[in-house]
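Here's the structure, in structure tokens; my notes come after.
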Amino acid sequence: MTMRIDGKELARGLRAEIAAGVAALKAEKGVTPGLAVILVGDNPASVSYVTAKGKACAEAGMLSREIRLPAETTEDELVALVKKLNCDPEIHGILVQLPVPKHIRDKAVIDAIAPEKDVDGFTPINVGKMMIGEECFLPCTPHGIVKLIEFSGMDIRGKHAVVIGRSNIVGKPVAALLARKETNATVTLCHTGTPDVGHFTRDADIVVVAAGRPNTLTGDMLKEGAVVIDVGVNRIPDPTKPKGFRLVGDADFESCSKVAGAITPVPGGVGPMTITMLLWNTLESARRVAK
Ligand code: NAP
């Protein structure tokens with residue numbers, strides 16, 4: 001029978017551990033971990049992500065500083081704010097919710113974040129450290145994905161993992177993490193230049209799909225018993241829902257769940273883990289300061 005990998009359950013356990021760590025840090029060192037989340041504009045998906053992050057932060061006992069800026073904010077203004085937060089002793093983690101409006105370059109903003117407060121793990125310094133195996137903040141979604149695979153009971157070592165998608169925030173770092181000595185998977189990275197993705201996925205023990213397109217992965221592309229991590233979050237119009245849409249992943253859940261040994265649902269799989277690993281990194285950042 002196919003196991004539904006419950007990201008909420010795994011996240012709940014880890015968040016309880018994080019909350020205990022926060023309480024201990026406050027009691028022993030008088031330090032409260034603080035996360036600043038900056039949102040530029042009012043993209044509805046971004047608003048809900050930022051709200052969820054603030055709520056999770058508060059529930060873990062952390063200081064949550066949510067900064068909402070108008071869509072017309074300039075790149076210079078945003079960079080100046082990030083630099084101010086870099087020097088703010090109450091703040092241990094800085095996150096700029098992406099995407100930012102088109103007139104602002106992601107790179108300019110990410111580069112402005114001090115690597116020691118880059119709890120998203122997006123700065124070139126943290127990405128480079130991850131690649132060469134130095135201590136760093138691991139990017140939240142990829143780190144959460146590795147935890148979900150482990151939670152499914154799969155021993156990753158020696159397995160063939162196929163990652164569909166090569167973005168800098170999901171596909172590439174997931175592939176890099178799974179190929180590290182600790183996890184020791186053999187990794188294939190597929191993208192739109194891969195002529196036949198199914199040729200690779202049919203041989204995979206683990207498939208991570210992060211394409212941003214519904215139905216990128218279907219049951220006929222899977223080996224019996226494979227573990228499937230569906231990263232995609234896609235809004236599909238659905239007049240029967242109060243909001244007029246529903247969320248689906250990149251995998252066709254119905255056909256994949258007939259073949260997979262374990263699969264994450266959307267929602268309720270990767271999403272809760274992304275926020276959890278953000279809290280994890282923020283606590284770690286505060287611990288480093290308190291040492
Ligand atoms: P992205 O930047 O759009 O990258 C998508 C990647 O998938 C690209 O590398 C693209 O290839 C590849 N791709 C697209 N269609 C494909 C196909 N049919 N076959 C093979 N490869 C294909 O997306 P992203 O930022 O990585 O995000 C991916 C999805 O994950 C989105 O739905 C996003 O909303 C979701 N997401 C969820 C979370 C979470 O916490 N739950 C976090 C981050 C992202 P090319 O490079 O060749 O174009």
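Remember, it's 1-based here, ligands and their atoms both numbered in the order they're listed.
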Give, for atom [atom1] of [X] and atom [atom2] of [Y], the distance between the pair rounded to the nearest 0.5 Å.
| X | Y | atom1 | atom2 | value |
| --- | --- | --- | --- | --- |
| Lys159 | Thr183 | NZ | OG1 | 12.0 Å |
| Leu78 | His103 | CG | NE2 | 8.5 Å |
| Asp230 | Ser257 | CG | OG | 11.0 Å |

>> Exactly one of Arg65, Lys84, Lys117 should register a salt bridge (charged side-chain N to carboxylate O under 4.0 Å, His left out) with Glu90. Which one does?
In response: Arg65
Protein heavy atom at shortest distance from [atom]:
| atom | value |
| --- | --- |
| atom 39 (C) of ligand 1 | Thr274 OG1, 3.7 Å |
| atom 42 (C) of ligand 1 | Thr141 OG1, 3.4 Å |
| atom 34 (O) of ligand 1 | Val233 O, 3.7 Å |
| atom 31 (C) of ligand 1 | Gly212 CA, 3.6 Å |
| atom 45 (P) of ligand 1 | Thr192 OG1, 3.4 Å |
| atom 12 (C) of ligand 1 | Gly165 CA, 3.7 Å |
| atom 8 (C) of ligand 1 | Arg166 N, 3.9 Å |
| atom 18 (N) of ligand 1 | Thr216 CG2, 3.9 Å |

Numbered atoms and elements of ligand 1 in range of [X], under 4.0 angstrom, heavy atoms:
| X | result |
| --- | --- |
| Ser167 | 2 (O), 4 (O), 9 (O), 24 (P), 25 (O), 26 (O) |
| Ile169 | 25 (O) |
| His191 | 11 (O), 20 (C), 21 (N), 47 (O) |
| Arg213 | 14 (C), 15 (N) |
| Ile164 | 20 (C), 21 (N) |

> If you measure from each heavy atom of Val231 to ligand 1, is any distance below 4.0 Å?
Replying inline: yes
>> Check for me whether Gly171 has a heavy atom closer than 4.0 Å to any atom of ligand 1.
In response: no
> Considering only heavy atoms from C-beta outward, does the side chain of Thr2 approach that of Ile263 to under 4.5 Å?
Replying inline: yes
>> Within the structure provided, determine whether Leu279 and Asn281 are in side-chain contact (heavy-atom separation under 4.5 Å).
In response: no
Is there a path of hydrophobic side-chain contacts, each under 4.5 Å between heavy atoms of I, L, V, M, F, W or Y residues, that connects [X] with [Y]?
| X | Y | answer |
| --- | --- | --- |
| Leu63 | Ile94 | yes |
| Leu14 | Phe151 | yes |
| Val40 | Ile91 | yes |

>> Among Gly198, Gly7, Ala211, which one puts a heavy atom closest to atom 5 (C) of ligand 1?
In response: Ala211
> Which one of Val170, Asn215, Asn234, Val197 has a non-hydrogen atom at the shortest distance from atom 43 (C) of ligand 1?
Replying inline: Val170
> Looking at Phe253, does the NZ or CZ of Arg246 lie under 6.0 angstrom from its six-membered ring centre and within 45 degrees of the ring axis?
Replying inline: no
>> Assess, by modelled atom type and distance only, whether the side chains of Asp220 and Thr218 contain a donor and an acceptor separated by less than 3.5 Å.
In response: yes
